A.B. asks: 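Sharing a structure, written as C-alpha cells. Questions coming.
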Amino acid sequence: MSLGARNFAAKIKTTDSESVITRYYNGVREASRRCAPARSTGFAPEFSYPVLTDAWEEYFAVAGASLSPLGGYAGRNLVLLDLMKNPGTRTTKTTASLLMVARAVQHIDRTGESVLLFTPSSGNKAIALRDAVARALELKLATPDKLRIVTLTPASTLYKFRRNVLTESDELRARNPILVYSGSEAGDVKNIGRTFAEAAAGTDERVWYSLDIANYKVADACRAFYEHEFGDDRPGQRLLHAHAVSSAYGLLGYQHGIDTMAALGIPHPQPGFLLVQHLATSDMVRHYLTETKDHDPQPNWKRRDADEVYEQRDSPHFPQVTWNPQENLEPTFYTHNPPTAPEMTALIAEHGGSAVVVSLLECVQRYGTVRHHFQASDRPLPADPRHLAEWSLVMGLTGVLNSLDRDLVRGFDGVVLHGSGMYLTEPDQMPERSQVIEVRSAEDVAKAVL
C-alpha cells in the first residue's frame, strides 16, 4: 500500500474524479494560499502545484504513507499508519515540510526574493525542514543564495539531526546553521524564536517563521484521504485513532481532512481519538480529564522501598508504575499548556476516545509485546531498546495497550496508530559539535543568522 514517488505524482496529475487524493490536492492549492503562518512577519507565500517534472517528482518522492496490519489485541484489530517513509527524517513532519519549501520555491521563482525559513522546534520539524531544503537545493529547484533554513532546537535533541549537504558544505553550513539552546527549559526556544522573528521582520530577506498549526494542518489532512482511499472501510466499523502527541497537530489535521471530505461530499466514518503523552508534558491529558471526567489529574505516587519504583492506582489514565514521576521520556514532546488542548478535548468528548500517560518503565515492560506487533510492518524495532533514539512509536502502542487493558476506550472495533516518528541511535550520522552554533538569546540568533 506504499504511495511511491510516481504513484504520488500521478495522483496529483490525474483528472480521474474518483481519486479522493486528487480531489484533496486540487482543493489544497487554494487552501494553502490561506494557510500562511499567523506570525509569519507578514510573509504569505502562495502555492499552486508545479508541472511535475522529474525533479519535482523526485522532490515529493518521500511524501508517501502506508498502512500495515499489526495483528489483534483485546478483540481489536491494530493497524499502523506509517508516516515515516523518508529515511532522512523518520518523522511525520516530512509532508508539511515539503509543501512549505515548495511554496517558498515558487515565491522565489515568482518574485526573485530570497526566503529564510526559520523554525524553533523540539527537533522533528527542524530535521524535516532541513531535509526538504537540502532536497530542493540538490535538485536545483532553488539556489543557495535564494533559499535557506535556520533551525533552533534544545541541545538535548541534537542527537536526532542527520548530516546532509547542508552540514558537509562550508558555504551551506554557514547559510543554513543549526542553532542549539542549552538552557534549562527546552520550551524557551519558542520564546527566543518569536522574539527573533519579530525583530527580523524589517530586514531585506523574507523571513518565514514557520511555527503555526496551519502549516501542518493542511498536510496532515492527507492522512484522512489516504486512509479513505487505501484503508479498510467495512461498513459499520468503528475505529479509534491513536497518536503520541505534544500538541496533537497531527490528529487535528486528520480531523481537518475528514471535515474537508465531508465538504466535498465524500462519506468517511468519524473515528474516536486516543491521546498518548508522557509525564514531563501531560497537559493535554490533564485538560481532557479536568474538563470531561471531573477527574483529579494529580496521581498520588508512593515509592516502593524494595526497588525505588513509584506506583499509583488512583487513576488508570496515568502510569501505574514509573522510575520518576517527573521523567522526560521523549524530549520531542516538550510543549506545556498547548493552545490546541480545548479543541482536542472537544473532539474526544464528541466522538469518543480517551487520553493516557505512559512511563518509560511501562514502555520497557511492554517492549517485547510492542516489538512483536511491529515485526510484520515496515517499522521493526531493535531487539535492544537502548538503540532507540525516539520513543514516540513505542509510547503510542504502549498507550493503546494500556488503554485497552484498563478499559479506557469502549465501542471501537479497531485501532489505527499514527506512526509519527522513530529514530535509531546512529552516531556516525549525527553532525559534529563544531557544525552547530550554541545560542542563549534572540540576540545570539540574530548574530548567527543576519
Side-chain angles (χ1 to χ4, degrees), residues 1-3 62-71 78-97 121-131 153 156-164 216 220 223 226 241-246 248-251 274-278 281 328-334 358-360 362-401 415-430:
M1 291 185 179
S2 177
L3 195 58
V62 292
S66 64
L67 288 160
S68 301
L70 299 179
L78 304 178
V79 173
L80 172 67
L81 177 57
D82 185 357
L83 302 163
M84 304 167 284
K85 306 300 285 188
N86 182 355
T89 65
R90 292 298 187 215
T91 171
T92 186
K93 307 303 180 185
T94 292
T95 304
S97 299
S121 164
S122 64
N124 287 3
K125 291 185 180 75
I127 295 164
L129 277 169
R130 282 181 59 84
D131 180 80
T153 59
S156 60
T157 60
L158 181 60
Y159 64 89
K160 289 188 178 182
F161 281 78
R162 296 294 181 261
R163 293 181 180 179
N164 59 23
Y216 299 92
D220 288 337
R223 302 183 191 187
Y226 185 89
H241 279 246
H243 200 342
V245 304
S246 180
Y249 280 13
L251 290 182
L274 175 66
L275 304 180
V276 182
Q277 295 198 290
H278 66 151
T281 52
N328 187 351
L329 168 55
E330 175 46 59
T332 296
F333 304 139
Y334 70 159
V358 299
S359 69
L360 176 60
E362 288 180 328
C363 288
V364 171
Q365 290 174 335
R366 290 275 194 186
Y367 190 77
T369 302
V370 170
R371 181 169 180 257
H372 170 73
H373 282 293
F374 284 125
Q375 287 304 95
S377 73
D378 292 334
R379 293 287 162 255
L381 296 175
D384 188 340
R386 290 174 296 181
H387 293 161
L388 281 178
E390 179 172 328
W391 282 82
S392 62
L393 192 63
V394 176
M395 282 174 59
L397 191 50
T398 298
V400 168
L401 302 184
V415 180
V416 179
L417 174 65
H418 291 228
S420 58
M422 185 189 73
Y423 289 85
L424 301 179
T425 52
E426 298 173 308
D428 58 322
Q429 298 297 317
M430 291 171 51

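As the structure is a prediction and not an experimental result, all values here were calculated from the model. For the single chain, residues carry numbers from 1 onward in sequence order. Values below: every heavy atom of this structure, side chains too, minus hydrogens, waters and symmetry copies.
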A.B. asks: Under the salt bridge (charged side-chain N to carboxylate O under 4.0 Å, His left out) rule, collect the residues that match up with Arg223, sequence neighbours excluded.
C.D. replies: Asp220

A.B. asks: Within the distance-only criterion (no hydrogens, no angle test), does the side chain of His278 pair as donor or acceptor with the backbone N or O of Leu329 below 3.5 angstrom?
C.D. replies: yes

A.B. asks: Do you know the tightest heavy-atom contact between Phe374 and Leu381?
C.D. replies: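 Nearest heavy atoms, Phe374 then Leu381: CD1-CD1, 3.7 Å.
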
A.B. asks: With rounding to the nearest 0.5 Å, note down the distance linking CG in Leu70 to CD in Gln375.
C.D. replies: 11.0 Å

A.B. asks: Not counting sequence neighbours, which residues clear side chain to side chain contact (heavy atoms under 4.5 Å, CB included) with Thr157? List them please.
C.D. replies: Thr153, Pro154, Pro331

A.B. asks: What verdict does the side-chain contact (heavy atoms from CB on, under 4.5 Å) test give for Leu360 and Val364, after you've listed the backbone C-alpha separation in whole Å, the side-chain angles of each residue and the deciding distance to 0.1 Å?
C.D. replies: CA-CA 6 Å; Leu360 176 60; Val364 171; 4.1 Å; yes

A.B. asks: Applying side chain to side chain donor-acceptor pair (under 3.5 Å), can you list everything that pairs with Gln277, at least two apart in sequence or on another chain?
C.D. replies: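 Partners of Gln277 by the side chain to side chain donor-acceptor pair (under 3.5 Å) criterion come out as none, since no residue qualifies.
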
A.B. asks: Taking atom CG of Leu417 and atom CG of Leu78, what is their separation to the nearest 0.5 Å?
C.D. replies: 8.5 Å

A.B. asks: According to ring-ring contact (aromatic ring centres under 6.0 Å, His included), who are the partners of His243, at least two apart in sequence or on a separate chain?
C.D. replies: His418

A.B. asks: Suppose we screen for side chain to side chain donor-acceptor pair (under 3.5 Å). Which residues come up paired with Thr91, at least two apart in sequence or across chains?
C.D. replies: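 Checked Thr91 against side chain to side chain donor-acceptor pair (under 3.5 Å); zero matches.
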
A.B. asks: Side chain to side chain contact (heavy atoms under 4.5 Å, CB included) with Pro69: which residues, sequence neighbours excluded?
C.D. replies: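 For Pro69 there are no side chain to side chain contact (heavy atoms under 4.5 Å, CB included) partners, ignoring immediate neighbours.
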
A.B. asks: Please round to the nearest 0.5 Å and tell me the distance separating atom CG of Leu397 and atom CG of Leu80.
C.D. replies: 9.0 Å

A.B. asks: So, taking the atom named CD in Glu330 and the one named CG in Leu393, what distance separates them when rounded to the nearest 0.5 Å?
C.D. replies: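 That separation rounds to 11.0 Å.
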
A.B. asks: Give the minimum heavy-atom separation between Gly123 and Ser121, together with the two atoms involved.
C.D. replies: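 Closest pair (atom of Gly123, atom of Ser121, distance): N-OG, 2.8 Å.
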
A.B. asks: Is a side-chain donor or acceptor of Arg162 paired with a backbone partner of Gly88 at a separation under 3.5 angstrom?
C.D. replies: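 Side chain of Arg162 to backbone of Gly88: no pair is present.
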
A.B. asks: Under the side chain to side chain donor-acceptor pair (under 3.5 Å) rule, collect the residues that match up with Arg163, sequence neighbours excluded.
C.D. replies: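 If we apply the side chain to side chain donor-acceptor pair (under 3.5 Å) test to Arg163, skipping adjacent residues, the hits are Glu432.
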
A.B. asks: Thr281 side chain to Phe333 main-chain N or O, any donor-acceptor pair under 3.5 Å?
C.D. replies: yes

A.B. asks: Give me the atom names and distance for the closest heavy-atom approach of Gly421 to Ser392.
C.D. replies: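 Heavy-atom minimum between the residues: O-OG, 2.9 Å.
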
A.B. asks: Kindly determine whether Leu388 and Thr425 satisfy side-chain contact (heavy atoms from CB on, under 4.5 Å), including the steps that lead there.
C.D. replies: CA-CA 6 Å; Leu388 281 178; Thr425 52; over 6 Å; no

A.B. asks: About how many Å separate CE of Met422 and CG of Asp82, when rounded to the nearest 0.5 Å?
C.D. replies: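 Answer for the CG-CE pair, Asp82 versus Met422, is 8.5 Å.
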
A.B. asks: Please list, chain by chain and in numerical order, all residues satisfying salt bridge (charged side-chain N to carboxylate O under 4.0 Å, His left out) with Asp384, sequence neighbours excluded.
C.D. replies: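 Partners of Asp384 under the salt bridge (charged side-chain N to carboxylate O under 4.0 Å, His left out) test: Arg386.
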
A.B. asks: What residues form a side chain to side chain contact (heavy atoms under 4.5 Å, CB included) with Ala96, not counting sequence neighbours?
C.D. replies: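 With sequence neighbours excluded, Ala96 shows a side chain to side chain contact (heavy atoms under 4.5 Å, CB included) to Tyr216, Ala219, given in chain and number order.
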
A.B. asks: For Gln365, enumerate each residue passing the side chain to side chain donor-acceptor pair (under 3.5 Å) test, keeping only those at least two apart in sequence or located in another chain.
C.D. replies: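 Partners of Gln365 by the side chain to side chain donor-acceptor pair (under 3.5 Å) criterion come out as none, since no residue qualifies.
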
A.B. asks: Closest heavy-atom contact between Val276 and Gly396?
C.D. replies: CG2-O, 4.0 Å

A.B. asks: Distance from Leu83 atom CG to Ser66 atom OG, nearest 0.5 Å?
C.D. replies: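 Interatomic distance, Leu83 CG to Ser66 OG, rounded to 0.5 Å: 8.5 Å.
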
A.B. asks: Give the intermediate values and the outcome of side-chain contact (heavy atoms from CB on, under 4.5 Å) for residues Leu274 and Val400.
C.D. replies: CA-CA 8 Å; Leu274 175 66; Val400 168; 4.0 Å; yes

A.B. asks: Work out which heavy atom in Val62 is nearest to a heavy atom in Lys85; give both atom names and the distance.
C.D. replies: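 For Val62 and Lys85, the tightest heavy-atom pair comes out as O-CB, 4.4 Å.
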
A.B. asks: Is Arg379 reaching over with its side chain to a backbone N or O of Met84, donor-acceptor style, under 3.5 angstrom?
C.D. replies: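 Checked: pair present.
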
A.B. asks: What verdict does the side-chain contact (heavy atoms from CB on, under 4.5 Å) test give for Leu275 and Leu251, after you've listed the backbone C-alpha separation in whole Å, the side-chain angles of each residue and the deciding distance to 0.1 Å?
C.D. replies: CA-CA 9 Å; Leu275 304 180; Leu251 290 182; 3.7 Å; yes

A.B. asks: Could you list the residues that satisfy side chain to side chain contact (heavy atoms under 4.5 Å, CB included) with Thr398, not counting sequence neighbours?
C.D. replies: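 Testing Thr398 for side chain to side chain contact (heavy atoms under 4.5 Å, CB included), a comparison that skips the adjacent residues, returns Val358, Glu362, Cys363, Arg366, Val370, Val394, Asn402.
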
